[in-house]
Amino acid sequence: MGASTSHFPIRSLLIANRGEISIRVMRAAAELGIRTVAIYSKEDRFSLHRTKADESYLVGEGKGPIDAYLDIEDIVRIASEAKVDAVHPGYGFLSESPEFADSLIEAGVIFVGPTPDTMRRLGNKVQARNLAREAGVPVMPATPPLPADEAQTLKLAREVGFPVMLKASWGGGGRGMRIVEDESQLREAVAVARREARAAFGKDEVYLEKLIRHARHVEVQIMGDAHGNLVHLFERDCTVQRRNQKVVERAPAAFLTDQQRSELCSAALAIGRAVSYRAAGTVEFLQDADTGKFYFIEVNPRIQVEHTVTECITG
């Protein structure tokens with residue numbers, strides 16, 4: 001399930017991550033008889049993920065504990081040196097970086113994840129919304145990326161209708177998000193959200209989305225291969241959140257009817273098929289608790305922390 005087409009089995013795999021997800025990938029690789037290679041920052045030299053792998057290499061020498069795992073050039077060097085067939089990015093770090101995937105493919109290494117083109121199309125939330133609309137999936141009323149002109153921004157906000165949710169076009173994790181109740185809050189909220197987005201994602205593009213007061217947050221995990229096959233692994237309910245960060249995940253979502261579940265999973269597959277999705281990914285939706293209607297929010301083009309919940313219900 002790599003981004004580059006391979007005509008040979010994966011015999012060795014480098015995991016470009018640390019901690020729980022790194023160990024989980026190694027376990028799956030071991031079950032398949034695949035040799036595993038770990039990378040570790042200097043601070044992680046005694047970490048468990050290093051000892052679980054068949055081989056391990058220091059990455060980003062002289063860099064900080066986070067920057068070391070973001071060193072694309074050094075990870076590609078290690079992948080070549082260790083003669084691995086593929087690299088799994090896990091979640092976080094470089095998992096949603098099309099530049100990382102491009103660099104690996106150029107080095108003749110399979111990227112275990114979506115294609116760089118798919119990541120680019122889904123990484124920008126405004127673009128992803130347009131894609132969902134084209135696939136016939138309902139989306140929340142929203143603005144295009146907000147212009148620098150304040151009067152134009154206010155005009156766009158009025159068209160969507162207050163209250164609105166202000167969001168960063170790139171990235172996730174709740175950063176750059178804030179509720180704007182009325183016009184008096186808009187100017188300051190946009191300025192703060194832009195600063196947050198630039199600090200977190202390197203891009204200060206933001207947009208406005210209609211706020212649903214009584215919303216349920218539900219997501220569908222999908223899985224695709226390099227041959228055009230795509231399946232869903234049902235849904236997870238992640239409504240319980242604090243500061244827009246998920247606190248509790250449960251599956252199946254108790255509030256869904258069989259028909260709603262079918263519609264939701266079909267919508268997730270429609271979006272996945274529109275980009276020829278491969279590997280693991282998650283399509284997120286909001287449900288208006290008052291009307292029962294669903295709206296597409298975004299796609300996370302990677303495995304998620306919450307994959308373990310799906311493993312529990314699917315085996």
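Bear in mind that the values here come from a model prediction, so they are computed numbers and not experimental data.
- Taking 4.5 Å as the limit, every side-chain heavy atom of Ile222 sits out of range of all side-chain heavy atoms of Leu233.
- Linking ILVMFWY residues whenever their side-chain heavy atoms come closer than 4.5 Å, directly or via other members, places Ile303 and Val112 in the same cluster.
- Looking at Asn17, its side chain does come within 3.5 Å of a backbone N or O of Tyr91 through a donor-acceptor pair.
- Taking all atoms of both residues into account, the shortest heavy-atom contact from Met140 to Leu286 is CE-CD1, 3.7 Å.
- With respect to Glu43 and Lys63, no salt bridge is recorded, no charged nitrogen being found less than 4.0 Å from a carboxylate O.
- With respect to the salt-bridge test (charged N to carboxylate O, under 4.0 angstrom), the residues Arg35 and Glu55 qualify.
- Counted by atom type alone, Gln241 and His217 present one or more donor-acceptor pairs between their side chains at under 3.5 Å.
- Grouping the Ile, Leu, Val, Met, Phe, Trp and Tyr side chains by contacts below 4.5 angstrom, directly or via other members, places Val139 apart from Leu166.
- Ion pair Glu205/Arg194 not flagged as a salt bridge, since none of the NZ, NE, NH1 or NH2 atoms sits closer than 4.0 Å to an Asp/Glu carboxylate oxygen.
- Considering all non-hydrogen atoms of both residues, Leu58 and Lys42 come closest at CD1-N, 3.6 Å.
- Remark: Asp149 CG to Gln152 CD distance equals 6.0 Å, nearest 0.5 Å.
- Contact record, Ser47 with Arg18: OG-NH2, 4.4 Å, taken as the closest heavy-atom pair.
- In this structure, Phe285 is not a member of the same hydrophobic cluster as Ile212, with clusters built from ILVMFWY side-chain heavy atoms closer than 4.5 Å.
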Item to check | Audit row: Lys203, Ser169, side-chain contact (heavy atoms from CB on, under 4.5 Å) steps and yes/no | outcome: CA-CA 8 Å; Lys203 298 171 183 176; Ser169 295; over 6 Å; no
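- At least one donor-acceptor pair under 3.5 Å links the side chain of Arg50 to the backbone N or O of Arg45.
- Hydrophobic clustering of Ile, Leu, Val, Met, Phe, Trp and Tyr side chains at less than 4.5 Å, counting indirect connections, unites Val164 with Leu154.
- The OG atom of Ser276 sits 9.5 Å away from atom CG of Leu230, with the distance rounded to the nearest 0.5 Å.
- Looking at every heavy atom in both residues, Lys52 comes nearest to Thr36 through O-OG1, 4.4 Å.
- For Tyr295, there are no ring-ring contact (aromatic ring centres under 6.0 Å, His included) partners, not counting sequence neighbours.
- Between Ile15 and Val37, the closest side-chain pair of non-hydrogen atoms is not below 4.5 Å.
- Residue Glu159 places its CD atom among more than 12 non-hydrogen atoms of other residues, nucleotides or ligands, all under 6.0 Å distant.
- Using a 4.5 Å cut-off on side-chain heavy atoms (C-beta onward), Asn300 and Glu284 make contact.
- Thr143 contributes a side-chain N or O that, together with a main-chain N or O of Leu208, makes up a donor-acceptor pair within less than 3.5 Å.
- Arg187 CZ: 12 or fewer foreign heavy atoms inside a 6.0 Å radius.
- With salt bridges taken as basic N to acidic carboxylate O contacts below 4.0 Å, none links Glu73 and Arg77.
- Enclosure of atom CD in Gln259 is not indicated, since only 12 or fewer non-hydrogen atoms of other residues, nucleotides or ligands lie within 6.0 angstrom.
- The pair Glu311-Arg24 counts as a salt bridge, with a side-chain nitrogen and a carboxylate oxygen less than 4.0 angstrom apart.
- A donor-acceptor distance shorter than 3.5 angstrom exists from the side chain of Lys210 to the backbone of Gly161, with no hydrogens or angles considered.
- Of the residues Gln127, Glu134, Arg133, the one that meets the side-chain hydrogen bond (donor to acceptor under 3.5 Å, both in side chains) test with Asn130 is Arg133.
- When atom types are taken as modelled, the side chain of Glu188 and the backbone of Gln185 share no donor-acceptor pair closer than 3.5 angstrom.
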Checklist entry - Would Glu20 and His49 satisfy side-chain contact (heavy atoms from CB on, under 4.5 Å), going step by step from the backbone distance to the final call? => result CA-CA 8 Å; Glu20 182 271 335; His49 78 274; over 6 Å; no
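- The minimum heavy-atom distance linking Ala197 with Ala168 is given by the pair CB-CB, 3.8 Å.
- Under the 4.5 Å side-chain heavy-atom criterion for Ile, Leu, Val, Met, Phe, Trp and Tyr, Phe296 and Phe234 are members of distinct hydrophobic clusters.
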Next on the checklist: As a quick check of understanding, evaluate salt bridge (charged side-chain N to carboxylate O under 4.0 Å, His left out) for Asp85 and Arg11, giving each step before the final call.
Outcome noted: CA-CA 7 Å; Asp85 300 317; Arg11 297 187 182 89; 5.1 Å; no
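- Note that Arg216 lies in the cation-pi zone of Phe255, set by a 6.0 Å cut-off to the ring centre and a 45° limit from the axis.
- In this structure, Lys293 does not pair ionically with Asp288, as no charged nitrogen and carboxylate oxygen lie closer than 4.0 Å.
- Taking the side chain as every heavy atom from C-beta outward, Pro301 and Tyr277 approach each other to under 4.5 Å.
- With Ser22 contributing its side chain and Gly19 its backbone, the two residues share no donor-acceptor pair below 3.5 Å.
- We find that Arg236 and Glu306 are not joined by a salt bridge, their nearest charged nitrogen and carboxylate oxygen being 4.0 Å or further apart.
- A heavy-atom distance below 4.5 Å is found between the side chains of His307 and Ile21.
- For the pair Thr118 (side chain) and Pro114 (backbone), a donor-acceptor distance under 3.5 Å is absent.
- Between the OG1 atom in Thr314 and the CD atom in Gln221 there is a gap of 8.0 Å [rounded to 0.5 Å].
- Side-chain contact check for Gln304 and Thr282: at least one donor-acceptor pair (N or O, by modelled atom type) lies under 3.5 Å.
- Atoms CZ and CD1, from Arg129 and Ile271 in turn, are 11.0 Å apart once rounded to the nearest 0.5 Å.
- Between Leu146 and Val190 the shortest side-chain heavy-atom distance falls below 4.5 Å.
- Heavy atoms from other residues, nucleotides or ligands lying under 6.0 Å from CD1 of Ile66 number 12 at most.
- For the residue pair Leu156 and Pro144, the shortest heavy atom distance occurs at CD2-CD, 4.2 Å.
- Ionic pairing of Arg261 and Glu235 is present here: one or more N-O contacts between side-chain nitrogen and carboxylate oxygen are shorter than 4.0 angstrom.
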Checklist entry - How far apart are the C-alpha atoms of Ile39 and Tyr69, what are their side-chain angles, what is the distance that settles it, and do they pass the side-chain contact (heavy atoms from CB on, under 4.5 Å) test? => result CA-CA 8 Å; Ile39 57 172; Tyr69 293 101; 4.0 Å; yes
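- Rounded to the nearest 0.5 Å, atoms CG (Leu13) and CE (Met26) are 8.5 Å apart.
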Item to check | Residues Asp182, Ser184; criterion side chain to side chain donor-acceptor pair (under 3.5 Å); working and verdict | outcome: CA-CA 6 Å; Asp182 54 49; Ser184 67; 2.4 Å; yes
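- Of the charged side-chain nitrogens involved, none lies within less than 4.0 Å of a carboxylate oxygen, so that Arg121 and Glu96 do not count as a salt-bridged pair.
- Atom CZ of Phe100 sits about 9.5 Å away from atom CE of Met119, to the nearest 0.5 Å.
- For the pair Val218/Thr239, no side-chain contact is recorded, criterion being any heavy-atom separation below 4.5 Å from C-beta on.
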Next on the checklist: Under the criterion side-chain contact (heavy atoms from CB on, under 4.5 Å), I'd like the reasoning laid out for Leu94 against Leu70: C-alpha separation, chi angles, the key distance, then a yes or no.
Outcome noted: CA-CA 6 Å; Leu94 296 167; Leu70 298 174; 4.0 Å; yes
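- A heavy-atom distance below 4.5 Å is not found between the side chains of Tyr57 and Asp74.
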